[in-house]
Every structure is written in structure tokens, then in C-alpha cells.
Visitor: 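My questions will all concern the structure given below.
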Amino acid sequence: MRIACIGGGPAGLYFAISMKLRDPGHEIEVFERNAPGVTFGWGVVFSDQTVENITRNDPVSARTITDELAHWDDIDVHIRGETITSGGHGFIGIGRKRLLEILQDRARELGVTLTFEAECDPADPKWRDYDLVIASDGLNSRFRGATPEAFGVDIDVRKNKFVWLGINKAFEAFTFAFEETEHGWIWAHAYRFAPDFSTFIVECSDEVWRAIGFDEMSQEESIAKCEQLFAKYLDGHALQSNAAHLRGSAAWLNFPRVKCERWSSGNVILLGDAAHTAHFSIGSGTKLALEDAIKLAEVLNRDGLSLEAAMDEYVAERNLEVLKLQNSARNSTEWFETLERYLHFEPLQFAYSLLTRSQRISHENLRLRDREWLEGVERWFWKRATDGKSNKTAPPMFAPLKLREMTVENRITVSPMAMYSAVDGVPNDFHFVHLGERALGGAGLVFTEMTCVSPEGRISPGCTGLWNDEQIAAWKRIVEFVHANSKAKLCLQLGHSGAKGSTKLGWEGNDLPLDDGNWPVMSASDLAWSPVNQVPRAMTRADMDEVRDQFVAATRMAIDCGFDMVELHAAHGYLLSSFITPLQNRRSDDYGGSLENRLRYPLEVFAAMRAAWPTDRPMSVRISATDWAGEDGVTPDEAVEIGEAFAREGADLIDVSAGQTWAEQQPVYGRMFQTPFSDRIRNEGRLATMAVGNIYEPDHANSILAAGRADLVALARPHLVDPMWTLRAAAQLDYRDIHIPPQYLNGMSQLARNLKREAEMAAALRV
Ligand SMILES: Cc1cc2nc3c(=O)[nH]c(=O)nc-3n(C[C@H](O)[C@H](O)[C@H](O)COP(=O)(O)OP(=O)(O)OC[C@H]3O[C@@H](n4cnc5c(N)ncnc54)[C@H](O)[C@@H]3O)c2cc1C
Ligand SMILES: Cc1cc2nc3c(=O)[nH]c(=O)nc-3n(C[C@H](O)[C@H](O)[C@H](O)COP(=O)(O)O)c2cc1C
């Protein structure tokens, strides 16, 4: 094949090498606009995995690269005069210039034609003469930009400003240095890539950048200012730029996240940064470029594979890798963009939060990297959780939490789950066994399912309720069993179904109206949940009074039942949620329109319940922190205001769920997918929160808690398959101080030994 590679960066050069290795008969030309030896940027970091991949592909260039790699283990986080050092991270780096020299030499050796100082124009007809034109022309690709629609280009220009500088000093550790100026915070990411040279990237928010005056400075002035701001880390060495072509403030960039739906059009194929980018804070762009190159060369040379099939395989495999990395990169980018949120943390927790920001590194990963450091974090967590009384070194999930006068033994919660098994709202033996078993399973807090305040407020005929003496007696039996046989605290979730009421049992079909015997429903507005559901009555003020009083009456009955805590269900599109979300609330009175108005009634109900509930017992509220409807619905920003509003009325905990507030929601699922909302509400609103949603491993729980992303962690579905989830986690993590029902004590220690061994093996495999 006759192939032109546009751009002699890592992608273009390595693709040319990989093609020649597979078939020396290919005719390959690389065109680079810069002169040899001229490049932007400084060093790049790699992972061991990348080194393995390039060694398999071309042992010759890999050997030269690995001979020159700088290695280091520690990460130093400098903040507020403290340095937090954690080890075991195993980085390797190389200068970008040196990497390119090695690749250029190897390409020449294999017969690739390299043409420098050649600016390529996509409109030039000569490209039609090539079988393939590889657009390896970087993130600002002209070849992609010539026909963006052909590639389905999506570019998201991120908020922060950064400048990529170098310094003639060896940082012994990967260094994050956070400095507070009179205008706000600015920080540096610094890492060594040669014996005496390091990359030094300076980053800050756009506001701070302008306030410092970088927008008005020449490049030299900018560098001098950075030298002054970071003087204590530089040991008198100068910061240097190799972006001489960029004038004034242009040396500062906003990172563009590039994504493409299609990676080829006509004879042009995108490769490396031209096809996708991953934020520099997770240091994976060069790795992706090299791995793209290997895969593309491999499919193009596979016998019997058509060009079309080769492209399909290339894009399918590489796109999956890119999406995974871009997901981690987004978490990392957002962490730096929302840094303010974490600045109130003590330095140790701040460093933990920084290290786990992309969610690729977890609590147990950190233990394997640096056990001593991680144990220091655990001791710190326990000390804080116990007002300095405990010196324990143990996983955060087992630390107690005090809410008002209630102390939960540990941070694991059984999330509310409707069982659709009650008759006339009365919980029965099913609920007794179901809740009793989960309480025996070791969770610190067990929630009841949404228990309805009136017959009409039920979702289905099978929902539990609390409006009469028979129900009080049945709940009391459950509460007494739980208190007598476990350390778990029991929280009653109270709710009203609103427009989602009068529907079938969960397993008969979601949100479908009953075949017969439907009862009238009401909601904030007369909007049906879906075309098949009945149109609800828009609540009148009289309805509001009646329902508020029903909530209060149920709250009083909860005292008789002996519950430790009560939660108001104001999420998932049910009655109170229908007031909060603009998608269901179309009212033009004092209860519709602005967020303040939409919150008025739910807050009134909450305040009335709070007044009826003992002051020494806590209350929580469950909210949907987003409607998954962009700006048309509740946004995560508003969720902070919602949490704060309930907290002002006496909520001790915000139970942060999301969505289910309109039938056409577009949620973005994934591991721990709702935790970022909890993080935001907790750290922007400074409120206690509970995270929920696809959290299923003890490692998830510990990472969330230690990073200060929530105060409690709730699991629903994992508790359906394993009521003993918490006891099992204690056995796995070898935590002995958890309450084990005496009936179960025999046999637990052998199980603990087996599970611990299993967990250690699994953790070792994950790294
Ligand atoms: C601040 C910062 C830090 C980074 N740190 C890391 C890191 O630690 N680890 C890591 O793996 N990645 C890192 N990256 C990302 C990494 O630099 C890129 O992902 C990687 O260089 C992509 O390789 P590429 O060959 O696709 O593109 P590039 O390296 O950008 O190469 C494209 C080449 O094409 C040339 N070119 C462009 N247009 C034309 C044209 N019209 N005609 C001729 N030539 C053209 C350019 O001059 C350039 O040489 C970082 C990026 C930034 C911005
Ligand atoms: C069977 C079932 C019933 C549920 N019922 C309720 C409920 O009554 N009240 C509520 O707030 N959430 C309810 N949920 C939502 C869960 O509490 C939880 O938020 C959700 O399942 C996500 O957590 P998970 O990924 O751990 O399952 C229910 C979930 C399930 C699976």
C-alpha cells in the first residue's frame, strides 16, 4: 500500500514503523510540519502496560525507549504548608523530544520516508493518489477539521487554563503543588522524564487566571509569574517554554476533549489525538496514540480482511478503550475543575481524594501501593468518626456515624426497596423475614421500603402503609426483632405515590395501571406519568393540607413503632418529587415556577414531620439530584440548593438518588454512577449525605467514604442477593469488631480466613 502519514508525532511515526514491520513492501511517507527536533511539550508518562504493548510490537524501539525511561514511585501532594507523600505508584516517563528521535531513527531504519517542515493542506489533490492518508496530525487536526461532519466530531473545551512548561530540575516524586494566591488557587503537576529534567504543568481556573492577569501578560511575563508563585519548589531553576511560536497568553490552553463518531472517511483514517484526546492529568494520550497505531497496522495487514472490515475492527476495539479512558479522564478533569469543593479537607483527605479522583485507583489499590500510608488514612478516618476516641486502623466502612443522638454502628445501609407484598398496607411475615434478615446481615442502618401515608398514596395494592393500628402493631414486631437481635438501626421511609400510584405489583410490570380497581391519583399538576397512566388531579390547597397531615400522623405512629429514624421520600417522581421537578410541575401559583416555589410544599411537609418527630432522632430526605434531562429538569447545581433547603428545615442526612422523575429519562449508568451528586451536595453544601447506585464492592464503599464523597453508603440490589453483605465484607477484610449474631459465631472465623485469602487474591489481580 502507498500511505501518507500526516504528522510525525508518536501516532504517525509508530504507525509507519508498525506497518513496515508487518510488510516491508508498504510505501510509507511521514510529513511533519516542524523541523526534526522541534516539538511542543516536554515529558510524557507511561504505564508498564504500555511498555509491554510496545515491546510485543517492536522489541527494537521498545528496548531503546525503556533504556531511557525515568522511574519513580512516590507522589507528593503539597498543600497548606504540608507535604503528603504516598508511595508505590510506579511511574515511568520519557522526554517527548527523545521519544520522537527514537521513533524517527527506527522509522528511517525500516525504510519510511520522513519529510520535515512540510505543512500539509487537506485540500491538496495529491492525497487522492495515496491508498490511505493517516490523519495523525494531533488534536487540532486540519484533516479532521476539513470535513468535521464526516467524522461526527464532538469537541468539549474544558474550563481550566494550563500551560506546559519544563524545568532543569529532577523532581524525585510526581509532584502536585497547590498554592493559594490572593486571587484564588493555582497548582502545578510536575514529573521527571530525564535524569535532570522535569515537566511542569501549571493549571488554574479561568477566573483565577484572569484575576492574576495572565490574560494580559507576554509569555515571558507569564513564566516569571509562575516562577514567583512556585518559587519554593524550583530551587532557583528557571521554568522554560518550548512553545515559542505561541505569543502572549496563547501559550495557555484550555484542554479540548475530542471524540469522533467515525474514524475514517474516504481514504482518510484518524489516528491518535486527531481521533480522541484524554486529559493530561491522567497522562494517557501517548499511550492511546501508540496503541491505536499497533491495532491499525495489525488489522490492515491481516490476510483476507477487507479494508471495511479492518476499519470496523479498528474502531470497535480502540473506541472502547478510548471511552473507558475518557471516562476516567473526565472524572479527573472535573476534579481539578471543581477543586474548590475539596479545599476544606484536611491535607491527608485532600491527597486521598486527589489520588482516587479518576476512580481508577481505589482504596485497596492504594493499600497494595503503600500499606503504611493507607493505614494512616484509615486511622485518621476513625479518629474523626469518633471525635478522637478511637485509634483504630480499620476500613472506613466500619466506622460509626452519629446523627443527632443516634449512632449507626457502621456506614453501610440497606437502601429502601419496595417488596409489593403487603395486604391493606400491613407488613407481614415476608417483611419480618426480609428486614430481619438484612438487619442480622450487619448493615448499620436498614431502611424500610417506601411506606405510604394513606391508601391512595400507595404505588400498588402491595405497598406497605402506616395509617392504622394494625400497621403500627405489625411494624412494631419487626422493629423489636431488629433491636433485640442486631445492632442495626431502622429507618422508616415515608412517601406518597402521586401520579405513579394505582399501578401493578413490581413484577407484574413497571408503572402499569391496574387492570381494574384503580383509585384516583393526584400530583403537583395534571400530567399523566405516561400515556398509559391515568391523568392525576392537580392538588388543591385542601389536598395539600390533608396529605401533609397524613405525613405528620404517620411520623407520630413511627414513634409508637419504635423506629430510630424517618426519611421523607421526595425523589423518583412520586408526589413530593412531582413538585420539585419542573418536568412534572406546571403550576402557576406559589408552588410552581422557581425552585423556591417548587420546594415550598415538600419543605412544608418536611418541617411538619420534623416538628412531630423527637428532636434527638435524625431525619433524612431522599432526593433525585438530577432528572437526567439537562437544563430542562433538576440539575446537580439545583440539587445542592435542594439539599441545603431541607437541611435548614432540620434534615440530618441527604439521601442522594437520581432520576426516575419522568418516563423518558436518559440516565448515564456505570459503577457508582450517582456518587458524584452526593460528593457535590456534601462538599459544596457541607451536608451529611448518603450515596447510592451501583455500589457493590466493599472497596467502592471504602473509597467513597475515605474520599469524603458521602457519609453513608447505601446498597439496594446487592442486598437482595446477599443479605449478609456487610458481614461478608467484614470477613473478607478481616475486621473482627462487627456485631455477629451469637447464633452465627461458630464457623465465622474459618469463613473469615477463606474470604480474606480470596479478597487478597482478587485485589492482587486487579492492580
Ligand atoms: C500538557 C500536556 C501533557 C501531556 N502529558 C502526557 C503524558 O504524560 N503522557 C501521555 O501519554 N500523553 C500526554 N499528553 C498527550 C500527548 O501529548 C498526546 O496525546 C500525544 O502526543 C498524541 O500523539 P499524536 O501523534 O496523535 O499527536 P501529536 O503528538 O500532537 O503529533 C501530531 C503531529 O502532527 C504535526 N502536524 C499537525 N498538523 C500538521 C499538518 N497540517 N502538516 C504536517 N504536520 C502536522 C504536529 O506538528 C505534530 O508533530 C499530554 C498532553 C498535554 C497537552
Ligand atoms: C426492588 C427495588 C425496590 C425499590 N424500592 C424503592 C423504594 O421503595 N424507595 C426508594 O426510595 N427506592 C427504592 N428503590 C431504589 C433503591 O433504593 C436504590 O436507590 C436503587 O436500586 C439503586 O441502588 P442499587 O444500585 O444498589 O440497587 C428500589 C430498588 C429496587 C431494586
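One-based numbering, in listed order, for ligands and for the atoms of each. Predicted, not measured: the structure shown is a model, and the values here were computed from it.
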Visitor: What are the atoms of ligand 2, with element, lying closer than 4.0 Å to any heavy atom of P718?
Guide: 26 (O)
Visitor: What pair of heavy atoms forms the shortest contact from L271 to G12, and how long is it?
Guide: CD2-N, 4.4 Å
Visitor: How close does the nearest protein non-hydrogen atom get to atom 20 (C) of ligand 2, and which residue and atom is it?
Guide: A716 CB, 4.0 Å
Visitor: Which of parallel (below 30°), tilted (30 to 60°) and perpendicular (above 60°) describes F230 and F200?
Guide: perpendicular
Visitor: Should the pair D58-R106 be classified as a salt bridge under the 4.0 Å nitrogen-to-oxygen rule?
Guide: yes
Visitor: Is the F176-H189 ring centre distance short of 6.0 angstrom?
Guide: yes
Visitor: For ligand 2, does A571 get within less than 4.0 Å through its side chain, its backbone, both, or neither, judged by non-hydrogen atoms?
Guide: neither
Visitor: Need the ligand 2 atom indices (1-based, order shown) with element for anything under 4.0 Å from a heavy-atom of V692.
Guide: 18 (C), 19 (O), 23 (O)
Visitor: Among I134, I6, L270, D121, exactly one meets side-chain contact (heavy atoms from CB on, under 4.5 Å) together with F143. Which residue is that?
Guide: I6
Visitor: Using a cut-off of under 3.5 Å, which N/O atoms of ligand 1 pair up with protein N/O atoms, and what distance separates each pair?
Guide:
residue, atom, partner, partner atom, Å
ligand 1, 8 (O), V45, N, 2.9
ligand 1, 8 (O), Y191, OH, 3.3
ligand 1, 9 (N), V45, N, 3.3
ligand 1, 9 (N), V45, O, 3.2
ligand 1, 9 (N), G283, O, 3.4
ligand 1, 11 (O), G285, N, 3.4
ligand 1, 11 (O), T286, N, 2.7
ligand 1, 11 (O), T286, OG1, 3.0
ligand 1, 12 (N), G285, N, 3.4
ligand 1, 12 (N), T286, N, 3.2
ligand 1, 12 (N), T286, OG1, 3.1
ligand 1, 19 (O), D273, OD1, 2.7
ligand 1, 19 (O), D273, OD2, 3.2
ligand 1, 19 (O), G285, O, 3.4
ligand 1, 21 (O), R96, NH1, 2.8
ligand 1, 25 (O), P10, N, 3.3
ligand 1, 25 (O), A11, N, 2.9
ligand 1, 26 (O), D273, N, 2.8
ligand 1, 29 (O), R96, NH1, 2.9
ligand 1, 29 (O), R96, NH2, 2.8
ligand 1, 38 (N), R33, NH2, 3.2
ligand 1, 41 (N), E119, OE2, 3.0
ligand 1, 41 (N), C120, O, 3.2
ligand 1, 42 (N), C120, N, 3.0
ligand 1, 44 (N), R33, N, 3.1
ligand 1, 47 (O), E32, OE2, 2.7
ligand 1, 47 (O), N34, ND2, 3.4
ligand 1, 49 (O), E32, OE1, 2.7
ligand 1, 49 (O), E32, OE2, 3.2

Visitor: Can you name the nearest heavy-atom pair linking A278 to F255, along with the distance?
Guide: O-CZ, 3.5 Å
Visitor: For atom 30 (C) of ligand 2, find the nearest protein heavy atom and state the residue, atom name and distance (0.1 Å precision).
Guide: M417 CG, 3.7 Å
Visitor: Using a strict cut-off of 4.0 Å, indicate which atoms of ligand 2 neighbour a heavy atom of L715.
Guide: 26 (O)
Visitor: Look at atom 22 (C) of ligand 2 and say which protein heavy atom is nearest, naming residue and atom and giving the distance to 0.1 Å.
Guide: G693 CA, 3.9 Å
Visitor: Would you say ligand 2 has an N or O under 3.5 Å from any N or O of M450?
Guide: yes
Visitor: Going by an N to O cut-off under 4.0 Å, is there a salt bridge joining R33 and E117?
Guide: no
Visitor: For atom 5 (N) of ligand 2, what's the nearest protein heavy atom and its distance?
Guide: A418 N, 2.8 Å
Visitor: Let's go through E203 and F336 carefully: what are the C-alpha distance in whole Å and the side-chain angles of both, what is the deciding distance for side chain to side chain contact (heavy atoms under 4.5 Å, CB included) to 0.1 Å, and is it a yes or a no?
Guide: CA-CA 9 Å; E203 185 183 3; F336 286 105; 3.7 Å; yes
Visitor: Just to confirm my output: which protein heavy-atom neighbour is closest to atom 9 (N) of ligand 2, and how far is it?
Guide: Q493 OE1, 2.9 Å
Visitor: Any side-chain heavy-atom pair from E321 and D292 closer than 4.5 angstrom?
Guide: no
Visitor: How far is atom 13 (C) of ligand 2 from the closest protein heavy atom, and which atom is that?
Guide: P416 O, 3.0 Å
Visitor: Looking at non-hydrogen atoms alone, which of R717, E567, H569 comes nearest to atom 25 (O) of ligand 2?
Guide: R717
Visitor: Would you say H719 touches ligand 2, if touching means a heavy atom closer than 4.0 Å?
Guide: no
Visitor: Taking 4.0 angstrom as the limit and counting only heavy atoms of N694, give me the atoms of ligand 2 inside it, by number and element.
Guide: 24 (P), 25 (O)
Visitor: Could you label the plane-to-plane angle of the H569 and H572 rings as parallel, tilted or perpendicular, counting under 30° as parallel and over 60° as perpendicular?
Guide: perpendicular
Visitor: May I ask you to check if ligand 2 and S415 share an N or O to N or O distance below 3.5 Å?
Guide: yes
Visitor: How close do W42 and T199 get, heavy atom to heavy atom, and via which atoms?
Guide: CB-OG1, 3.4 Å
Visitor: Is any side-chain heavy atom of F162 closer than 4.5 Å to a side-chain heavy atom of L253?
Guide: yes
Visitor: Cation-pi check, K295 to Y14: give yes when NZ or CZ is under 6.0 Å from the six-membered ring centre and within 45° of the ring axis, no otherwise.
Guide: no
Visitor: Considering Q674, R622, M690 one by one, which has a heavy atom nearer to atom 19 (O) of ligand 2 than any of the others?
Guide: R622
Visitor: For W252, is the NZ or CZ atom of K161 found under 6.0 angstrom from the centre of its six-membered ring and inside 45 degrees of the ring axis?
Guide: no
